[in-house]
Undergrad: 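Provided herewith is a single structure, encoded as structure tokens, for subsequent inquiry.
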Amino acid sequence: ATGHKWVNNNRENEAILSSIENICDDSNFSEVLLLGDFNLPDVSWATGSVNSNKDSKNKILLNQSKYLDTFSVKGLSWYFTNEITRRRLVNGVLQESLLDQVLTTNDAILHSVDILPKLGKSDHVCVKIELAVSLEKITDKIAHKQVWGKVLPSDLTNFSHDNINWEYSSNDLCVEKMWNELHDKLQSFNAVVPTVAVHSNGRPVKLPWGTSTLKRLRIKKDKAWSDFDSDPTIAKFNYAISREELYDQENIKLKVKYERKITANLKLNCKSFYSYLRNNREAKTCIRNLDNGDGSRSTNPKESAEILANAFSSVFVQEPQGPLPEFRPDDKVFTSINDLVITSVAVKDELAKLNIFKSYGPDRIHPKLLKSLSDDDSFVNAVTKLFVKCTDSGTLPKI
């Protein structure tokens with residue numbers, strides 16, 4: 001755990017943001033907990049945004065936005081949303097603000113967070129945190145998933161021009177070695193792509209409408225049921241039920257608000273809308289009421305399974321009994337393609353046509369990277385040489 005304080009100095013702010021990124025990226029830490037006086041007075045923690053005009057050029061507001069962007073990219077979620085952590089009198093007027101914050105990459109390690117009275121002459125309250133951890137190794141580790149939608153094509157091309165030499169180490173390399181060299185260079189672009197923290201043990205990822213308030217309600221609900229399991233009394237049961245009802249009410253309210261938001265933005269951003277529909281689509285548990293071919297229909301899963309089995313077996317090719325025929329090469333088998341002409345212009349056109357919204361294949365090279373590099377002639381020439389080598393040798397690299 002560590003603490004940081006925001007200052008109105010670009011150099012010091014960059015140093016603080018860099019230290020936060022280094023802490024979150026350190027593989028020695030399975031979880032990260034940051035706490036202290038972050039002093040971001042213009043941040044609305046309830047909405048995760050800075051209270052300003054979106055076109056504002058105020059440096060103080062822009063710096064505070066950088067902090068929120070860093071928290072989001074590194075998978076840090078905050079605990080406080082509407083609490084007051086500092087009270088002071090200024091010219092006889094009471095000022096109340098939320099400057100202290102608790103950030104973590106895994107809210108499951110927070111057992112409870114309480115605000116206590118201030119100490120001494122400080123105008124900040126005290127924050128008491130109980131962690132739900134033991135001396136045993138934490139198994140719920142955080143993995144980092146690449147977010148290709150947040151990387152700019154210009155960042156990829158600039159990285160290529162500044163860091164990558166697309167020439168092969170030798171002109172006599174085989175297809176396999178050429179591919180390995182090219183693949184290793186493409187993998188180095190991972191340093192440019194931002195990542196987001198996800199749970200690697202299958203625990204549900206944060207809901208798209210999740211907030212710190214909903215998180216706190218869930219923690220209190222889980223704690224109430226845990227207390228009931230250890231001491232099953234009527235009082236603790238009723239309390240756990242009340243905590244679960246509060247959580248369900250808040251969850252439904254936020255879910256409805258999120259659904260209205262993505263519906264209102266359907267014309268401007270349909271991707272989030274259809275992604276939400278796909279994630280919430282339920283598969284049918286069974287198939288029934290199928291046509292049996294004689295006018296009757298199936299009435300139970302067993303009859304439906306028999307109808308499907310008969311349909312599948314009717315399209316199978318009947319093979320002759322006995323061993324399979326031996327394959328004997330003849331003059332029609334070619335080990336190379338001599339009439340195929342591959343040019344760098346054709347390769348560049350194909351790379352430029354790639355759909356950047358598709359997922360990568362078994363080579364784990366994202367199409368957005370390949371399309372961005374289609375303007376880099378040295379990269380296009382490297383890919384062209386690999387394709388020509390494949391057609392000349394009649395071999396393909398192992399992926």
Side-chain angles (χ1 to χ4, degrees), residues 25 27 73 143-196 198 271 274-275 278 317 319 324-399:
D25 294 338
S27 59
V73 169
H144 287 84
K145 177 183 177 181
Q146 291 180 324
V147 186
W148 281 91
K150 292 185 177 181
V151 64
L152 299 176
S154 58
D155 295 336
L156 299 173
T157 53
N158 292 337
F159 183 85
S160 173
H161 292 153
D162 298 337
N163 301 278
I164 306 296
N165 178 13
W166 293 108
E167 293 294 331
Y168 294 105
S169 59
S170 172
N171 295 327
D172 300 327
L173 295 179
C174 64
V175 169
E176 194 69 30
K177 291 184 178 180
M178 291 178 67
W179 163 248
N180 289 337
E181 284 191 11
L182 184 63
H183 187 264
D184 290 342
K185 293 175 182 178
L186 290 171
Q187 288 295 314
S188 64
F189 283 84
N190 292 335
V192 188
V193 184
T195 59
V196 61
V198 294
K271 186 176 181 181
Y274 288 110
S275 175
R278 286 193 300 270
V317 177
E319 299 287 351
L324 295 176
E326 295 183 2
F327 175 75
R328 296 179 179 179
D330 52 29
D331 296 336
K332 296 182 180 180
V333 177
F334 302 95
T335 58
S336 62
I337 305 176
N338 298 322
D339 57 348
L340 179 61
V341 179
I342 299 177
T343 63
S344 58
V345 175
V347 172
K348 182 175 182 177
D349 291 341
E350 293 300 323
L351 290 174
K353 294 177 183 177
L354 291 176
N355 188 346
I356 63 174
F357 299 106
K358 296 293 185 178
S359 300
Y360 47 67
D363 57 3
R364 303 189 68 82
I365 304 300
H366 202 278
K368 186 173 186 178
L369 172 59
L370 297 176
K371 185 171 183 176
S372 301
L373 295 177
S374 63
D375 293 330
D376 191 332
D377 293 336
S378 57
F379 170 74
V380 174
N381 290 333
V383 176
T384 304
K385 290 179 181 179
L386 176 61
F387 287 169
V388 171
K389 190 72 173 183
C390 291
T391 56
D392 292 344
S393 62
T395 59
L396 294 174
K398 296 180 181 180
I399 299 178

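This is a predicted model, so every value here is computed, not measured. Just so you know, these numbers use all the heavy atoms, side chains as well, and skip hydrogens, waters and symmetry mates. We number each residue from 1, following the sequence as shown.
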Undergrad: With sequence neighbours left out, write down each residue that passes ring-ring contact (aromatic ring centres under 6.0 Å, His included) with Phe189, or none if nothing qualifies.
TA: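 Scan of Phe189 (ring-ring contact (aromatic ring centres under 6.0 Å, His included), adjacent residues dropped) gives Phe159.
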Undergrad: Of all heavy-atom pairs between Gln146 and Asn190, which one has the smallest distance, and what is that distance?
TA: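 Closest heavy-atom pair between Gln146 and Asn190: NE2-OD1, 2.7 Å.
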Undergrad: Looking at Leu156 and Ser372, what are the two nearest heavy atoms and their distance?
TA: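 Of all heavy-atom pairs spanning Leu156 and Ser372, the closest is CD1-OG, 3.6 Å.
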Undergrad: Parallel, tilted or perpendicular for Phe379 and Trp166, by the 30°/60° rule?
TA: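 Correct class here is perpendicular.
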Undergrad: Taking Glu167 first and then Lys185, would you say they form a salt bridge - that is, a charged N and a carboxylate O separated by under 4.0 Å?
TA: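 Answer for the salt bridge query: no.
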Undergrad: Sequence neighbours excluded and cut-off under 3.5 Å, please list the side-chain donor-acceptor pairs for residues 344-360, or say none.
TA:
{"residue": "Asn355", "atom": "OD1", "partner": "Phe357", "partner atom": "N", "Å": "3.0"}
{"residue": "Tyr360", "atom": "OH", "partner": "Arg364", "partner atom": "NH2", "Å": "2.8"}

Undergrad: Measure the shortest side-chain to side-chain distance between Leu182 and Tyr168 over non-hydrogen atoms and say whether it is less than 4.5 angstrom.
TA: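 Answer yes - side chains close enough.
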Undergrad: List in chain and number order the residues that pass side chain to side chain contact (heavy atoms under 4.5 Å, CB included) with Leu396, two or more places apart in sequence or in another chain; answer none if no residue qualifies.
TA: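 Here the qualifying residues are Cys390.
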Undergrad: Check whether Asp184 reaches the backbone of Glu181 with its side chain - one donor and one acceptor, N or O, closer than 3.5 Å.
TA: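 Flag not set: sc Asp184 to bb Glu181 has no pair under 3.5 Å.
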Undergrad: How many angstroms lie between atom CG of Asp392 and atom NZ of Lys385, to the nearest 0.5 angstrom?
TA: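 If we round to the nearest 0.5 Å, Asp392:CG and Lys385:NZ are 13.5 Å apart.
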Undergrad: Per the side chain to side chain donor-acceptor pair (under 3.5 Å) rule, which among Asp376, Asp155, Asn165 passes with Ser160?
TA: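 Filter result, single survivor: Asp376.
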Undergrad: What pair of heavy atoms forms the shortest contact from Thr391 to Ile342, and how long is it?
TA: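 Here Thr391 and Ile342 meet closest at CG2-CD1, 3.7 Å.
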Undergrad: With a 4.5 Å cut-off on side-chain heavy atoms, are Leu373 and Leu186 touching?
TA: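 Side chain of Leu186 against side chain of Leu373, heavy atoms only: contact under 4.5 Å found.
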Undergrad: Checking the side chain of Lys368 only, and the main-chain atoms of Val151 only, is there a donor and an acceptor separated by less than 3.5 Å?
TA: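 Yes; at least one donor-acceptor contact below 3.5 Å.
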Undergrad: Would you give the length of the straight line joining atom CG of Leu386 to atom NZ of Lys177, rounded to the nearest 0.5 angstrom?
TA: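 If we round to the nearest 0.5 Å, Leu386:CG and Lys177:NZ are 15.0 Å apart.
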Undergrad: Please check if atom CG in Asn171 has more than 12 non-hydrogen atoms from other residues, nucleotides or ligands closer than 6.0 Å.
TA: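 Open: at most 12 neighbouring heavy atoms sit under 6.0 Å from CG of Asn171.
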Undergrad: Find the distance between CD1 (Ile399) and NE2 (His183) and round it off to the nearest 0.5 Å.
TA: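 The CD1 atom of Ile399 sits 8.0 Å away from the NE2 atom of His183.
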Undergrad: Determine whether Ile164 and Ser188 make a side-chain contact, defined as any pair of heavy atoms from C-beta on separated by less than 4.5 Å.
TA: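 Yes - at least one pair of side-chain heavy atoms lies under 4.5 Å apart.
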Undergrad: Take atom NZ in Lys371; do more than 12 heavy atoms of anything else shown fall under 6.0 Å from it?
TA: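 Check passes, neighbour count above 12.
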Undergrad: Can you see which heavy atom on Met178 is nearest to which on Leu173, and at what distance?
TA: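 Distance-wise, the nearest heavy atoms are CG-CB, 3.6 Å.
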